[in-house]
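Below: the structure, in structure tokens.
As the structure lists them, so they are numbered: ligands from 1, and atoms in each ligand from 1. Reckoned from all heavy atoms, side chains included, excluding hydrogens, waters and symmetry mates.
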Amino acid sequence: MILLMGIAGSGKGTQGKMLADQHNFHLISMGEVLRMYVTGKQRERMLAGELLDNQEIIGIVNQVITSLPDDGEVLMDGFPRTIPQAEWLLGQAKAGRFNLDKAFHLVALRQAVKERLLGRARVDDKEVAIEKRFDEYERSTAPLLQWLKNNGVEVIDINAERTPEEVNADIIKRLET
Ligand code: AMP
């Protein structure tokens, strides 16, 4: 399993699709999965840019992983985003369910990606929700990068303030080393 991490707008979705097509990976995009699964209050929270409850997310991701045929590498876009989610994932890896190979951290500053987000047509790409997602990232996900390193996962920083093709080439280079 390979993880893709980074703030909203850093290009996780774009890079996930490019990589999955090039390398024949199963791609789990947590945001897409949640847009399929959740309604009501949960959906409102998503649209406001808040993270959803860990247990709920873990339950969903567990079902998605179970539903995949056991015939290829899994690329995760947007999971884990918190330490409890990562604890669960590492526990599953230790239990032999899959190998946790690498985490790519798409590094970009808020200012650099905000315009990209405002240019998309997603309902949660409004200024207030964007800021909320940036704040959630700093609060919950940024500390996770160090936690993963401390727990033996290789975290590779990729400069994501470049064209999708340049970022993709860099990831591929690092994937093969
Ligand atoms: P994304 O498409 O990855 O930007 O995710 C869209 C939204 O889905 C986020 O702003 C969160 O509300 C929710 N979400 C996605 N992944 C997670 C996760 N791992 N934990 C909690 N909430 C998540």
Side-chain angles (χ1 to χ4, degrees), residues 1-20 25-68 74-93 97-98 100 103-110 112-148 151 153 155 158 160 164 167 171:
M1 181 177 286
I2 296 162
L3 312 179
L4 277 178
M5 309 178 55
I7 59 171
S10 59
K12 297 187 298 297
T14 304
Q15 294 302 324
K17 284 184 195 116
M18 289 171 91
L19 275 177
F25 292 152
H26 293 289
L27 172 63
I28 302 180
S29 160
M30 213 48 224
E32 296 295 331
V33 168
L34 292 175
R35 277 184 278 279
M36 173 173 80
Y37 266 84
V38 309
T39 55
K41 277 269 166 292
Q42 303 273 48
R43 193 147 194 130
E44 281 171 29
R45 298 195 56 199
M46 252 185 98
L47 296 184
E50 289 166 32
L51 291 181
L52 303 189
D53 176 71
N54 284 321
Q55 283 318 312
E56 193 114 14
I57 296 285
I58 289 168
I60 293 173
V61 91
N62 188 34
Q63 287 184 50
V64 174
I65 294 172
T66 305
S67 76
L68 292 179
V74 176
L75 180 61
M76 278 279 186
D77 154 15
F79 181 92
R81 264 169 148 118
T82 64
I83 290 175
Q85 291 176 12
E87 280 172 341
W88 177 81
L89 196 69
L90 254 70
Q92 298 294 305
R97 201 169 173 197
F98 41 73
L100 206 49
F104 287 99
H105 173 210
L106 303 185
V107 185
L109 292 175
R110 290 178 177 217
V113 295
K114 201 162 163 185
E115 290 305 313
R116 285 188 196 170
L117 290 171
L118 288 169
R120 302 197 306 198
R122 249 168 64 178
V123 185
D124 59 344
D125 286 335
K126 298 280 181 299
E127 183 115 23
V128 179
I130 290 174
E131 290 296 340
K132 181 81 195 163
R133 276 145 72 208
F134 287 162
D135 290 344
E136 286 276 33
Y137 185 84
E138 249 162 53
R139 194 170 59 88
S140 306
T141 312
L144 178 57
L145 294 164
Q146 190 55 48
W147 187 93
L148 287 170
N151 284 276
V153 179
V155 179
I158 300 285
V167 176
I171 295 178

Exercise. Does the side chain of R45 come within less than 4.5 Å of L52's, by heavy atoms?
Worked result: yes
Exercise. Can you check side chain to side chain contact (heavy atoms under 4.5 Å, CB included) on I7 and V113, steps first, answer last?
Worked result: CA-CA 9 Å; I7 59 171; V113 295; 3.6 Å; yes
For this session: Under 4.0 Å, heavy atoms only, figure out whether ligand 1 is touched by the backbone of E50, its side chain, both or neither.
Result: backbone
For this session: State, with a plain yes or no, whether a side-chain heavy atom of W88 is found less than 4.5 Å away from one of I57.
Result: no
For this session: Please state whether K132 comes within less than 4.0 angstrom of ligand 1, counting heavy atoms only.
Result: no
Exercise. Of the backbone atoms (N, CA, C, O) and the side-chain heavy atoms from C-beta on, which set of I57 has a member under 4.0 Å from an atom of ligand 1: side chain, backbone, both, or neither?
Worked result: side chain
Exercise. Which residue and non-hydrogen atom of the protein lie closest to atom 13 (C) of ligand 1, and at what distance in Å?
Worked result: L34 CD1, 3.6 Å
Exercise. Backbone or side chain, does any N or O of G78 fall under 3.5 Å from an N or O of ligand 1?
Worked result: yes
Exercise. With a 4.5 Å heavy-atom cut-off, do R81 and E136 have their side chains touching?
Worked result: no
Seminar exercise, completed: The closest protein heavy-atom partner of atom 9 (C) of ligand 1 is R81 NH2, 4.3 Å
For this session: Considering only non-hydrogen protein atoms, determine which one is nearest to atom 22 (N) of ligand 1 and report residue, atom name and distance to 0.1 Å.
Result: L52 N, 3.1 Å
For this session: Answer yes when R43 and D124 have at least one side-chain N-carboxylate O distance shorter than 4.0 Å, and no when they do not.
Result: no
Exercise. Can you tell me which residue and heavy atom of the protein come closest to atom 7 (C) of ligand 1, and the distance to 0.1 Å?
Worked result: M46 CE, 3.8 Å
Problem set entry | Chi angles and distances behind the side chain to side chain contact (heavy atoms under 4.5 Å, CB included) call for L3, L89 | CA-CA 11 Å; L3 312 179; L89 196 69; 3.9 Å; yes
For this session: Enumerate the atoms of ligand 1 whose separation from the nearest heavy atom of Q85 is less than 4.0 angstrom.
Result: 18 (C), 19 (N), 20 (N), 21 (C)
Seminar exercise, completed: Logged contact type for R133 with ligand 1, heavy-atom cut-off 4.0 Å, is side chain
Exercise. Looking just at side-chain N and O atoms, do T66 and R97 make a donor-acceptor pair shorter than 3.5 Å?
Worked result: yes
Exercise. Counting heavy atoms only, which part of R35 comes closer than 4.0 Å to ligand 1: side chain, backbone, both or neither?
Worked result: side chain
Exercise. What atoms of ligand 1 come closer than 4.0 angstrom to any heavy atom of R122?
Worked result: 1 (P), 2 (O), 4 (O), 6 (C)
Exercise. If you take all heavy atoms of I130 and K114, which pair is closest and at what distance?
Worked result: CG2-CG, 4.4 Å
